[in-house]
Amino acid sequence: MTNMPGLYIHVPFCVRRCPYCDFYSISALELVPRYVEALAREARAAAPDWGPFETLYIGGGSPSLLNEKGLKGLFEALAPLDLSEVAEITLEANPEDVSRPAARLWAETGVTRLSLGVQSFDDRWLADVLGRGHSARQNYQAAEILKAEPYDLCLDLIYGHPSQDLENWGADLIKAADLTPEHISAYNLTVEPGTPLARSIADKLLPPPASAAMAADMFLISREALSSRGYYRYEVSNLARPGHESRHNLKYWRRLSYLGLGPSAHSFDGKKRWANVSSTRQWASALASGAQARAFTEELDREAVRLEKVMLGLRLAEGLPESFLAGTPKLDEFVKTGCLTRQDGRIRPTEKGFLIADRMALDLA
Ligand code: SF4
């Protein structure tokens, strides 16, 4: 992996909104042509200052909703940017959008990683809690279609559902591993304030999600269940077969630069970070009038940069150079209690350490 920047494209379209989701999305698919036109404007404006890029990540929203015309339009819109060095192209897909022609189209477009949002293999969580538009059966069908293509298959799972127990989560992990993906992401369900899921829990229509203790046990069994199948945890929520880590996401965690295009997309140039407005219409109108479509720009001071570096470093199995943490009084204590290890001049979190990574970062920054 190099220090070249990554390129993120936010495709904001979803057929409907999953009740737990707080990403920016809209269902107005009639806006796709306007979106593609605005994306081309934004790419043209950024081209003189950015590139070449090493990675391209097409996320959302639901990029798999784009038909052939939409996807071709998206790549044509990116033509002003230098993609000649791109070594990894990720596309996010929902299982209900996967068909043999779509899977072929993604391969022909150059996708190298297909991130499939299966979330669970239990219809109880898929329908009642997550409100997803696909069943467990569709997860299997989609994975089988995608495995016939040359790209890496990456499965996204969510644990910690209301009423879910360890046995059920363990079964989900094994079902995912049985599909032999190259990469598995496992996220603890976060109940974001203001979402329909938060309201259902507040109104007692659903029980609360897993307790912190249960979520910690679920986290720990993820590695136990998957390490014997050839996966290792390289980031708190991400496990991969060696050599199949997400290069693009590693740029975020290693604090390398990335450019985000599309409504709500975030960017970081090594000093400043900014985000686009979370409105497709406002974003497109601003670009059409020659303005920027930013919601905010910020530059962190020295202490905030240090805290961010420690926080991000402790999310990764590779950890941080020991020299960076030299002189921090609590370091030895975390090593003694088995939360951190010293190895090859680096401080690395253990499984126990991953569970308290943010707390440790506050003490070590
Ligand atoms: S498909 Fe993904 S981005 Fe769209 S609403 Fe559901 S979770 Fe959010």
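Start at 1 and go down the list; that is how both ligands and their atoms are numbered. As the structure is a prediction and not an experimental result, all values here were calculated from the model.
- The closest approach between any non-hydrogen atom of R16 and ligand 1 is below 4.0 Å.
- The existence of a salt bridge linking D269 and K272 is confirmed by a sub-4.0 Å separation between a basic side-chain nitrogen and an acidic carboxylate oxygen.
- Nearest non-hydrogen protein atom to atom 3 (S) of ligand 1 is G61 N, 3.4 Å.
- Taking the six-membered ring for Trp, F121 and Y140 have ring centres closer than 6.0 Å.
- The protein non-hydrogen atom at the shortest distance from atom 6 (Fe) of ligand 1 is C18 SG, 2.3 Å.
- Residues Y35 and W283 bring their aromatic ring centres within 6.0 Å.
- For atom 4 (Fe) of ligand 1, the candidate residues are G131, C14, P19; the nearest heavy-atom contact is made by C14.
- If you chain together hydrophobic residues whose side chains sit under 4.5 Å apart, L362 and W253 never meet in one group.
- With respect to R254, the salt bridge (charged side-chain N to carboxylate O under 4.0 Å, His left out) criterion is satisfied by exactly one of E245, E235, E318: E318.
- Atom 8 (Fe) of ligand 1 lies under 2.8 Å from an N, O or S atom belonging to C21.
- Nearest protein heavy-atom neighbour of atom 2 (Fe) of ligand 1: R132 NH1, 4.0 Å.
- A donor-acceptor pair shorter than 3.5 Å can be found between the side chains of R17 and S25.
- Using a 4.0 Å cut-off between heavy atoms, S62 contacts ligand 1 through its side chain alone, with no backbone atom that close.
- With ligand atoms numbered from 1 in the order given, ligand 1 contributes 7 (S) to contacts under 4.0 Å with heavy atoms of Y20.
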